Amino acid sequence: MNEMRSQDMLKVTGLTRSFEQGGVKIDVLRGLDLAIAPGEIVALLGPSGSGKSTLLQAVGLLEGGFGGSIRIDGEEVSKLDSGQRTVVRRDKLGFIYQFHHLLPDFSALENVVLPQLILGTPQGEAEQRARDLLGRLGLSERVEHKPSKLSGGEQQRVAVARALANRPRLILADEPTGNLDEKTAAGVFDQFLALVRGHNSSALVATHNEALALRMDRAVRLHDGVLT
Amino acid sequence: MIEVDTVDPDRVTEILAPVAAKLTGRAIIVDWKQMNSTLFEALAVERVAMFVVLSIIILVAVFNILSSLIMLVRSKTRDIAILRTMGATRKSMVRIFVTVGVSIGVLGTVAGLMLGAIFLYFRQGVVNFVQFVTGQELWDPSIRMLTELPTKSDPVEIVGITAMAIIFSFLATLYPAFKAANTDPVQVLRYE
C-alpha cells in the first residue's frame, strides 16, 4: 500500500511526532509511511486522538518538530524554513476543515477570491474563477452573501471552492463533512469528489465515516502511530 | 535718553548690535525685550508647559492606536490563522496591520491639521466664546500688551509635528503587527 513511486504527489517516509505532556513523552506518529499518486483520493481513517489531524498538519507544513521525510510533488519539504513552507502551502496545497473557517466579514465570492489574490492572480481573473467554482457548487445565487447568511452545507461548499481556488496539487481535508447532517454531508462530499477529480488533484481526507471512505480511491487506517 | 523705533522689532538685538559696539562704556542700551524680560520668561515657561501637555496628548493618542490594534489582532486571530494556512506570508500580515495603523494615524493627523487651521482662523471668536461661557478673562490686553490673540504659523514646525505624529503612529503599529505575524495557525485552529 505504501510502496514508494517516483511520481508520487505526496511521499511521507518514517514520519515521527512526539509531544511532552506532564513530563511524559507521547509518540503520536511512529515512523509513518504514506504515498499518494497524482489524482488519487485517499481516506485517512482512525479513532479520535489517533493522530489524523497531526498527520495532516505535518503534511500541510503547518507545524514543525517532525522527524522523517515529506516530499510534495517531488520536492523535499520537511527541512524547509517557515517562509519556504508558506510558499509551498500557497502554491501546492488546499485545506478544508471540519468547521468551514470562512472569513466572516467577506462574502462567499471574496472568500474564494482571497487565496487567489495571495497567490498573485489578477483580481478580474480571480473573481471569474471564484464565480465559476461557486456556480459549479450550486451557489451562483449566493455569491454576495456573507457566511453568516449561508446554511452549514453552503458554508462548507464555499470552503471547498476556496480550497480548490488555486488549483492545488494536493488537498488536505480534516473531517470536511463532519459538522453536517448525513444528507447534506453526502451532497457536499459528492460535489467535493467531482471537483477534486475534475482538477486531477490528489487528496488526503481524514474521516470517521466508513461509507465516505469507500467512495474514495483507497483508505488507510492510522493505528498506534503507523498506517495499516 | 534717546528712543529708537524699528519696523522689525523681532530683530532688535541684531539691529542694535553695531550701535552697542560704538557706545560701549559711554551709554546703556536697553531694548524692549530686556525691559519686559519677566513677562518673556513667564511666556517661555508657559510654552514649555504647553509643549509637555501636548506631548502627553500625542502619547495618549498613540496608546489609543496601539490598544485598538492589539484588540483588532486578538479579535482577528482566527482570520489571521486562516490566511496563514492559505499561504499569506508573515510579511504580508505585518503589512496589513501597519497599513491599518498608519492609515488611522494619517487620517487623524490630517483631521488635526484641518481642525488646527480652522481653530487658528477663528481663534479670537473661540477666545471670546470661552470667555463668555466661563466668565473668565483669558486674554488681558493690559498684561499681553496686545488687544487680540496673535498667531504665527511656522511651516517648519507644522511639518515637524505632522511627521512626528505619523512616525509615532507607525511605531505604535509594530508590536501588534508582529504579534499578528507570529500567530500560530495550528494552535488557533486546534482550539476553535
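All values reported here derive from a predicted model rather than from experimental measurement. Protein chains get the first letters and strands the later ones, always in sequence-line order, with residue 1 at the start of each.
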Contacting region of A:Leu62 [heavy-atom separation from chain B under 4.5 Å]: both
Write down the atom of A:Met216, the atom of A:Phe189, and the distance for their closest heavy-atom approach. CE-CZ, 3.4 Å
Using only non-hydrogen atoms and a strict under-4.5 angstrom cutoff, which residues of residues 80-100 of chain B touch chain A? B:Ile82, B:Leu83, B:Arg84, B:Thr85, B:Met86, B:Gly87, B:Ala88, B:Thr89, B:Arg90
How would you list, by chain and number, every residue that makes a side-chain hydrogen bond (donor to acceptor under 3.5 Å, both in side chains) with B:Thr183, sequence neighbours excluded? none
Could you have a look at A:Pro104, A:Gly60, A:Gly83 and say which one has the most heavy-atom pairs with chain B under 4.5 angstrom? A:Pro104
Check each atom of A:Arg162 against the heavy atoms of chain B and say whether the ones under 4.5 Å are side chain, backbone, both or neither. side chain
Got more than 12 heavy atoms from elsewhere within 6.0 Å of CD, A:Glu20? yes
Heavy-atom count check: over 12 atoms from other residues, nucleotides or ligands less than 6.0 Å from B:Phe40 CZ? yes
Looking at A:Phe19, I'd like to know if the NZ or CZ of A:Arg17 sits under 6.0 Å from its six-membered ring centre while staying within 45 degrees of the ring's axis. yes
Taking atom NZ as the centre, does B:Lys33 end up with more than 12 heavy-atom neighbours from other residues, nucleotides or ligands that are less than 6.0 angstrom away? yes
Which of these, A:Leu204, A:Ile171, A:Val196, sits in a side-chain contact (heavy atoms from CB on, under 4.5 Å) with A:Ile41? A:Val196
Do you know the tightest heavy-atom contact between A:Pro147 and A:Leu102? CG-CB, 3.8 Å
Heavy-atom distances under 4.5 Å only: say whether A:Ser82 touches chain B with side chain, backbone, both or neither. side chain
Does any heavy atom of chain B fall under 4.5 Å from the side chain of A:Phe106, the backbone, both, or neither of them? neither
Just by distance, no angles: are the side chains of A:Ser69 and A:Glu76 close enough, under 3.5 Å, to form a donor-acceptor pair? yes
Per-residue contact mode, A:Asp174 against chain B (heavy atom under 4.5 angstrom): neither
